[in-house]
Student: 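Right, I'll just put the structure down here and ask away after.
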Amino acid sequence: MTDHSSDDFLEIIEDAEDATEDIKPENFWKILVVDDDEEVHRATSFVLKNLELLGKKLHLLHAYSAAEARNVLEKETGIAGIFLDVVMEHNEAGLELVEVIRDDLKLEDVRIILRTGQPGYAPETEVITRYDINDYRCKNELTQTRLLTSLVTALRSYQQINTIICSRKGLSQIIEATSELMTQSGLHNFAAGIIKQLSSFFSMSLDGLIAVRLQQLDGNENLNIVATGKKYQHLLNHDLKDLDDERILELINEAIKKQESILDKHDAVLFFGGKEQTIAAYVTADQMLPEPEKDLLHLFCQNIGMCSDNLALIESLNQQVYRDQTTGLSNRNQFVDNFQKEFDDHREGKSLIVINIDHFNSLVE
């Protein structure tokens with residue numbers, strides 16, 4: 001009789017999972033077990049119960065047919081791995097479900113480990129080549145060690161794919177943010193657009209305020225709040241020193257001093273350093289901020305910094321074109337533009353009075 005004690009074969013033991021445990025997605029790997037055999041579910045649950053892999057515990061979901069599995073996948077998000085039986089409702093139910101997962105549900109990140117109780121029915125080499133799966137095993141060869149090895153390999157692959165997806169999404173968001181912010185006119189609209197883009201970048205709703213360092217005529221530098229969310233709306237157009245929160249003031253000043261962004265659990269100060277003006281954006285959220293890739297965040301901030309320089313340049317050119325350099329008042333170009341707009345909107349009942357001051361240039365010199 002062959003001794004299998006060293007093989008750690010799965011044992012089927014009655015042991016229900018703790019259904020009362022609070023499942024937090026950031027602390028658990030979601031694993032879906034798809035099999036029409038109740039014993040397989042029980043054995044898998046027993047082996048994986050209370051394990052921690054790659055820094056997270058496991059949370060098992062169960063489906064007893066391909067149709068039921070599809071319903072679970074349509075409702076649940078963030079499933080990292082699937083143990084999938086090949087033969088269920090019919091001989092190719094599992095393989096057809098793989099195609100549904102990839103082609104219909106567009107789940108490219110979830111990793112799949114195929115299991116079969118009928119070795120030889122679907123040749124391993126052909127299945128591995130044709131389908132996007134991580135592993136294909138016969139049930140009778142899935143010892144505890146091999147089961148865990150396959151799962152760890154799948155989870156590592158899931159992490160790598162998610163990193164690529166997040167990077168691709170982040171780069172796309174950076175391009176979109178740059179394009180949109182380049183079209184904004186005026187510092188206030190530009191700053192409000194930054195809060196909107198940051199919410200998209202972090203994939204959550206953010207509140208916050210943006211301070212801009214402005215060079216004053218007396219040589220002193222001042223921080224003005226030029227955009228806010230609802231929480232800080234009463235501070236719009238105020239000096240930053242009017243903010244009654246020492247911690248936020250310290251964070252913003254530290255970011256400007258170090259010229260780098262500062263991220264905490266629930267809030268952050270993003271530094272957008274430009275040559276023409278310095279922008280620091282403080283944002284806060286009710287839930288924990290996800291940690292984006294540092295390189296992407298750095299690129300995001302750099303691009304917005306360049307956008308702010310372009311905006312400053314455009315505003316400077318507008319000042320040259322539409323402001324009298326002697327008095328700082330609107331010049332003839334500004335007058336013609338404003339008059340044309342008013343004339344186009346209201347042609348009736350309009351009068352124009354022209355006042356000429358002789359030797360005006362001599363008087364102001």
Student: Could you check if a side-chain atom of Phe83 sits within less than 4.5 angstrom of a side-chain atom of Leu151, using non-hydrogen atoms only?
Tutor: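 When only atoms from C-beta onward are counted, Leu151 and Phe83 do touch, with a gap below 4.5 Å.
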Student: Mind checking whether Leu61 and His59 have side chains closer than 4.5 Å, heavy atoms only?
Tutor: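 A side-chain contact under 4.5 Å exists here.
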Student: Assess whether side-chain contact (heavy atoms from CB on, under 4.5 Å) is satisfied between Trp29 and Leu54, documenting all intermediate values.
Tutor: CA-CA 9 Å; Trp29 298 113; Leu54 303 180; 4.1 Å; yes
Student: For His41, give me all partners under ring pair (Phe, Tyr, Trp, His ring centres under 6.0 Å), at least two apart in sequence or on another chain.
Tutor: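 His62, Tyr64.
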Student: Would you say His234 and Asp242 make side-chain contact, with heavy atoms under 4.5 Å?
Tutor: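 The answer is no; the side chains never approach within 4.5 Å.
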Student: Please step through side-chain contact (heavy atoms from CB on, under 4.5 Å) for the pair Tyr232 and His238, ending with a clear verdict.
Tutor: CA-CA 11 Å; Tyr232 302 99; His238 284 235; over 6 Å; no
Student: Distance from Asp135 atom CG to Arg146 atom CZ, nearest 0.5 Å?
Tutor: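 Between atom CG of Asp135 and atom CZ of Arg146 there are 10.0 Å.
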Student: What's the spacing between Tyr131 OH and Ile101 CD1 if we round to 0.5 Å?
Tutor: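 One finds 12.0 Å between OH of Tyr131 and CD1 of Ile101.
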Student: Glu96: what forms a side chain to side chain donor-acceptor pair (under 3.5 Å) with it, not counting sequence neighbours?
Tutor: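 His90.
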Student: What's the spacing between Thr149 OG1 and Gln144 CD if we round to 0.5 Å?
Tutor: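 Reported value, rounded in 0.5 Å steps: 10.0 Å.
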Student: Hey, are Glu39 and Arg42 close enough for a salt bridge, meaning a charged N less than 4.0 Å from a carboxylate O?
Tutor: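 Yes, charged N to carboxylate O under 4.0 Å.
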Student: Any idea which heavy atoms bring Ala80 and Leu155 closest together, and the distance?
Tutor: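 So the minimum-distance heavy-atom pair works out to CB-CD2, 3.8 Å.
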Student: Less than 4.5 Å apart, side chain to side chain, heavy atoms only: is that true for Leu209 and Leu243?
Tutor: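 Yes, at least one pair of side-chain atoms sits under 4.5 Å.
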Student: When you look at Asp85 and Val40, which way does the side-chain contact (heavy atoms from CB on, under 4.5 Å) test go after all the steps?
Tutor: CA-CA 10 Å; Asp85 188 16; Val40 172; over 6 Å; no
Student: Taking all non-hydrogen atoms of both residues into account, name the closest pair between Ala255 and Val269 and its distance.
Tutor: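 Answer, listing the atom of Ala255 first, then Val269: CB-CG1, 3.5 Å.
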Student: Going by the side chain to side chain contact (heavy atoms under 4.5 Å, CB included) test, name the single residue among Leu249, Ile256, Asp239 that passes it with Leu223.
Tutor: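 For Leu223, the side chain to side chain contact (heavy atoms under 4.5 Å, CB included) test succeeds with only one of Leu249, Ile256, Asp239, which is Ile256.
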Student: Could you work out, with salt bridge (Lys or Arg N to Asp or Glu O under 4.0 Å) as the rule, every residue matching Glu254, not counting sequence neighbours?
Tutor: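 Glu254 satisfies salt bridge (Lys or Arg N to Asp or Glu O under 4.0 Å) with Lys258 once adjacent residues are dropped.
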Student: Output, in order, the C-alpha distance, side-chain angles, deciding distance and verdict of side chain to side chain donor-acceptor pair (under 3.5 Å) for Asp267 and Tyr282.
Tutor: CA-CA 7 Å; Asp267 56 3; Tyr282 171 81; 3.0 Å; yes
Student: What residues, two or more places apart in sequence or in another chain, satisfy side chain to side chain donor-acceptor pair (under 3.5 Å) together with Asp103?
Tutor: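 With neighbours one apart ignored, the set is empty.
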Student: What distance separates Thr116 OG1 from Tyr136 OH, expressed to the nearest 0.5 Å?
Tutor: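 The distance works out to 4.5 Å.
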Student: Heavy atoms only: give me the nearest Ser65-Glu89 pair and the separation to one decimal.
Tutor: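 Answer, listing the atom of Ser65 first, then Glu89: CB-OE2, 3.3 Å.
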Student: Within the side chain of Asn134, is there an N or O that forms a donor-acceptor pair under 3.5 Å with the backbone of Ser150?
Tutor: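 Looks like no, no N/O pair under 3.5 Å.
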Student: Might you confirm whether atom CG of Asp244 has over 12 heavy atoms from other residues, nucleotides or ligands at distances under 6.0 Å?
Tutor: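 Counting other residues, nucleotides and ligands, CG of Asp244 stays at 12 neighbours or fewer.
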Student: Taking the side chain as every heavy atom from C-beta outward, state whether Ile82 and Leu73 have any atom pair closer than 4.5 Å.
Tutor: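 Yes. Closest side-chain heavy atoms under 4.5 Å.
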Student: Can you name the side chain to side chain donor-acceptor pair (under 3.5 Å) partners of Arg102, sequence neighbours left out?
Tutor: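 Partners of Arg102 under the side chain to side chain donor-acceptor pair (under 3.5 Å) test: Asp132.
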Student: Of all heavy-atom pairs between Leu32 and Val34, which one has the smallest distance, and what is that distance?
Tutor: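 Heavy atoms of Leu32 and Val34 come nearest at CG-CG2, 3.6 Å.
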Student: Applying side chain to side chain donor-acceptor pair (under 3.5 Å), name anything that partners Glu74, two or more places apart in sequence or on another chain.
Tutor: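 Here the qualifying residues are Arg70.
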Student: Check for a donor-acceptor pair, side chain of Lys30 on one end and backbone N or O of Thr77 on the other, with a separation under 3.5 Å.
Tutor: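 Yes.
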Student: Step by step, would you call Lys139 with Asp37 a salt bridge (Lys or Arg N to Asp or Glu O under 4.0 Å)?
Tutor: CA-CA 11 Å; Lys139 293 180 182 179; Asp37 189 344; 5.4 Å; no
Student: Specify the closest pair of heavy atoms between Leu114 and Leu95, including all atoms of both residues, with the distance to one decimal.
Tutor: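 For Leu114 and Leu95, the tightest heavy-atom pair comes out as CD1-CD2, 3.8 Å.
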Student: Step by step, work out the side-chain contact (heavy atoms from CB on, under 4.5 Å) result for Asn224 and Asn237.
Tutor: CA-CA 6 Å; Asn224 285 2; Asn237 297 324; over 6 Å; no
Student: In Å and rounded to the nearest 0.5 Å, what is the CD1 to NZ distance from Ile225 to Lys241?
Tutor: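 It is 11.5 Å, given to the nearest 0.5 Å.
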Student: Do you know the tightest heavy-atom contact between Phe271 and Ser261?
Tutor: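 Shortest heavy-atom separation between Phe271 and Ser261 comes out as N-OG, 3.1 Å.
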Student: Starting at CZ of Arg247, measure out to CD1 of Ile252 and round the result to the nearest 0.5 Å.
Tutor: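 Arg247 CZ to Ile252 CD1: 11.0 Å, rounded to 0.5 Å.
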Student: Just so I know, are the side chains of Asp264 and Leu251 near enough to count as touching, which here means a heavy-atom distance under 4.5 Å?
Tutor: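 Heavy-atom side-chain distance check fails, nothing below 4.5 Å.
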